[in-house]
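Every chain is numbered from 1, with letters handed out A, B, ... down the list of sequences.
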There are 2 protein chains.
Amino acid sequence: MTKRPADPASGNAPAARQVPMRDFSRSLPMSLLRAREAVMRQFRPNLREHGLTEQQWRILRALAAIEAAEVTELARTAFLLGPSLSRILRDLEARNLIERKTAKTDQRRSMVSISREGLKLMASVAPSSEAIYAEITQRFGARKLAELQEMLGELEQSLAGLGAGNAAGAEE
Amino acid sequence: MTKRPADPASGNAPAARQVPMRDFSRSLPMSLLRAREAVMRQFRPNLREHGLTEQQWRILRALAAIEAAEVTELARTAFLLGPSLSRILRDLEARNLIERKTAKTDQRRSMVSISREGLKLMASVAPSSEAIYAEITQRFGARKLAELQEMLGELEQSLAGLGAGNAAGAEE
DNA sequence: GGGAAATACTTAACATGTTAAATGAATGCG
DNA sequence: CGCATTCATTTAACATGTTAAGTATTTCCC
């Protein structure tokens, strides 16, 4: 065996380490992904017990805070893409957790609202959910949590209107 | 605070607002989701131009930093679940971006490594990617970015070993 | 040494993310 | 009025997230 520590391509193993980049485990997207996963891992079992996914729960919560909403508005509020929302609403309607009716003035729009049954389901999920959130807040620290969310908001702001198709003077 | 000023259930619209919860647009999961999306939105177009998804890119990056890795190890590094990784590796192998061979000592394990072609692809993607990251860093501020990542790490730490099937003292 | 249990990975099944295209309804404008 | 354009929503197609089950090996241990 010839000793060639610096050239991994000497064997049959394909060469690696040839594209210098940041340690990717410390990249911002990764940090955000891991943090979010750590948080959601706490909530998912409870939601699952009630037959809800994270996204379905987001929609119910968004609807519970208002009378009714158009699909597009709901997508913005629940931070879901149109196609995802469309599918989920179909399922939630089949389960009688929401109700829809097309708007009178514009047949294209459909007004979505949470049903009585949906509210009942929410009432059964909310307590554990709030308890979990409280536990997280306590563990991490309420002040730090507020600070973190402040920074996340600032990050979002500082990237608003970057890329995404157009800045000042973008040509397509 | 026992005052209930508004009862929206006066019309025919299904009653809402009956399940008191935090304003969900300000919940931690939402903040994290929005922040991450704001960041990833910057990278996706570039990756897409090269026919890569975010996850495929994560895998290539993880592999470029090492000689070879077992699938399980790679899943941990790239923060992907086994089934997702399994599918992606199948596709990346079909595109000749990675190579696999089963380990000699244990037929169950398969060693994955990046191919020469994979390295070439990385080299063509990395510059724009780094440039975008630099732009983000500049906009948000390098110091603040480091601070944010520090907090995200702490959040992850403070939730490690919560829920997930075992409380204090549950040693499997 | 042989079978139960553990391990590494893959498949399966369903839900969502993501982009493009389709559908149906309103609007603008000649 | 007629018709191209815009708009709101859905469908389609493909990729990943998520949990459960399956498959092939290996290890444990009597």
Side-chain angles (χ1 to χ4, degrees), chain A residues 29 33-34 36-59 68-76 78-95 97-98 100-112 164-165, chain B residues 29 33-34 36-37 40-49 51-59 68-76 78-95 97-98 100-112 164-165 172:
Chain A
L33 181 59
R34 294 158 83 109
R36 186 174 139 81
E37 178 54 28
V39 173
M40 286 314 301
R41 198 196 315 284
Q42 313 304 320
F43 290 102
R44 264 191 285 265
N46 178 41
L47 292 177
R48 188 169 175 71
E49 278 174 24
H50 294 276
L52 287 176
T53 65
E54 174 196 337
Q55 292 83 357
Q56 293 166 349
W57 178 236
R58 284 219 300 275
I59 293 172
E70 299 172 13
V71 172
T72 302
E73 180 190 357
L74 188 54
R76 195 171 35 72
F79 209 67
L80 291 169
L81 293 178
S84 295
L85 182 54
S86 204
R87 281 176 305 211
I88 299 175
L89 289 179
R90 168 167 45 72
D91 300 348
L92 291 180
E93 187 176 21
R95 289 164 65 182
L97 297 177
I98 65 165
R100 327 163 82 160
K101 47 182 182 179
T102 56
K104 307 165 193 63
T105 64
D106 189 337
Q107 298 293 114
R108 291 172 305 183
R109 296 166 146 83
S110 101
M111 304 303 293
V112 186
Chain B
L33 181 58
R34 293 158 84 109
R36 187 174 138 81
E37 177 54 27
M40 286 314 303
R41 199 197 314 283
Q42 312 304 320
F43 290 101
R44 263 191 285 267
N46 179 40
L47 291 176
R48 187 167 177 72
E49 277 173 24
L52 286 176
T53 66
E54 176 195 338
Q55 292 83 356
Q56 293 167 348
W57 179 236
R58 285 221 298 276
I59 293 172
E70 300 172 13
V71 173
T72 301
E73 180 190 356
L74 187 55
R76 194 171 37 71
F79 209 66
L80 292 169
L81 293 178
S84 294
L85 182 54
S86 204
R87 281 176 304 212
I88 300 175
L89 289 180
R90 168 166 48 71
D91 300 348
L92 291 180
E93 187 176 21
R95 290 163 67 182
L97 297 176
I98 65 164
R100 328 163 80 157
K101 49 182 180 180
T102 56
K104 306 167 192 61
T105 65
D106 188 338
Q107 299 293 115
R108 291 171 306 182
R109 296 168 203 275
S110 99
M111 305 302 294
V112 185
E172 305 271 317

Exercise. Using the salt bridge (Lys or Arg N to Asp or Glu O under 4.0 Å) rule, take Arg44(B) and Glu37(B) through it: C-alpha gap first, then chi angles, then the decisive distance, then the call.
Key: CA-CA 10 Å; Arg44(B) 263 191 285 267; Glu37(B) 177 54 27; 2.7 Å; yes

Exercise. Please work out if Ile88(A) contacts a base, only the sugar-phosphate, or nothing of the nucleic acid, heavy-atom cut-off 4.0 Å.
Key: sugar-phosphate

Practice problem: Determine the contact category for Leu80(A): base if any of its heavy atoms lies under 4.0 Å from a base atom, sugar-phosphate if only primed atoms, P, OP1 or OP2 are that close, otherwise nothing. | Solution: sugar-phosphate

Quiz item: Given that Met111(A) and Leu33(A) both sit by DNA chain D, which one's nearest nucleotide is further toward the 5' end?
Solution: Met111(A)

Provide a list of protein-nucleic acid N or O atom pairs under 3.5 angstrom, restricted to nucleotides 23-28 of chain C.
{"residue": "dA26(C)", "atom": "OP1", "partner": "Gln107(A)", "partner atom": "N", "Å": "2.8"}

Quiz item: From Lys101(A) NZ over to Met111(A) CE, what is the distance, rounded to the nearest 0.5 angstrom?
Solution: 8.0 Å

Practice problem: Compare side-chain N and O positions of Arg100(B) against OP1 and OP2 of dT10(C) and report whether any pair is under 4.0 Å apart. | Solution: yes

Quiz item: How many Å lie between CG on Leu47(A) and C1' on dT18(D), as a whole number?
Solution: 13 Å

Exercise. Please figure out whether Val71(A) or Leu85(B) has its closest DNA chain D nucleotide nearer the 5' end.
Key: Val71(A)

Quiz item: Separation of Leu89(A) atom CG from dT10(D) atom P, in whole Å?
Solution: 7 Å

Quiz item: Given dG17(C), is OP1 or OP2 found less than 4.0 Å from the side-chain N or O atoms of Gln55(B)?
Solution: no

Exercise. May I have the distance from Glu73(A) (atom CD) to dC7(D) (atom C1'), rounded to whole angstrom?
Key: 16 Å

Practice problem: Identify whether any heavy atom of Arg44(B) sits under 4.0 Å from a base atom; if not, whether one sits that close to sugar-phosphate; answer base, sugar-phosphate or nothing. | Solution: sugar-phosphate

Quiz item: What are the two closest non-hydrogen atoms of Gly51(B) and Arg95(B), and how far apart are they?
Solution: O-NH2, 2.8 Å

Quiz item: Is there a side-chain contact between Leu80(B) and Gln55(B), using heavy atoms and a 4.5 Å cut-off?
Solution: yes

Quiz item: For Phe79(B) and dT16(D), what is the distance between atoms CZ and P respectively, to the nearest whole Å?
Solution: 17 Å

Exercise. Give the rounded distance in Å between these two atoms: CE of Met40(B) and C1' of dT18(C).
Key: 12 Å

Quiz prompt | Nucleotide nearest Asp91(A) (side chain, heavy atoms from C-beta), chosen from dT10(C), dA12(D), dT16(C) | solution = dT16(C)

Self-check item: Closest nucleotide among dA15(C), dT9(D), dG17(D) to the Thr72(A) side chain
Solution: dT9(D)

Quiz item: Hey, does the side chain of Arg109(B) come within less than 4.0 Å of dA8(C)'s phosphate (OP1/OP2), counting only N and O?
Solution: yes

Quiz item: Arg100(B) versus Leu89(B): any side-chain heavy-atom pair under 4.5 Å?
Solution: yes

Self-check item: From CG (Leu81(B)) to CZ (Arg87(B)), nearest 0.5 Å
Solution: 9.0 Å

Quiz item: Nearest-Å distance, CZ (Arg34(B)) to C1' (dG17(C))?
Solution: 17 Å

Quiz item: How would you label the contact of Ser84(A) with the nucleic acid (heavy atoms, under 4.0 Å): base, sugar-phosphate, or nothing?
Solution: base

Practice problem: Side chain of Pro83(A) only, please: which of dA15(D), dA20(D), dA12(D) is the nearest? | Solution: dA12(D)

Quiz item: Quick check: does any side chain N or O of Gln56(B) sit under 3.5 Å from a backbone N or O of Thr53(B), one acting as donor and the other as acceptor?
Solution: yes

Practice problem: Starting from P on dT10(C), measure out to CD on Glu70(B) and report it in whole angstrom. | Solution: 12 Å

Quiz prompt | Distance, nearest 0.5 Å, that separates CG of Leu74(B) from CZ of Arg58(B) | solution = 10.5 Å

Quiz item: Starting at CZ of Arg76(B) and ending at C1' of dA8(C), how long is that distance when rounded to a whole Å?
Solution: 14 Å

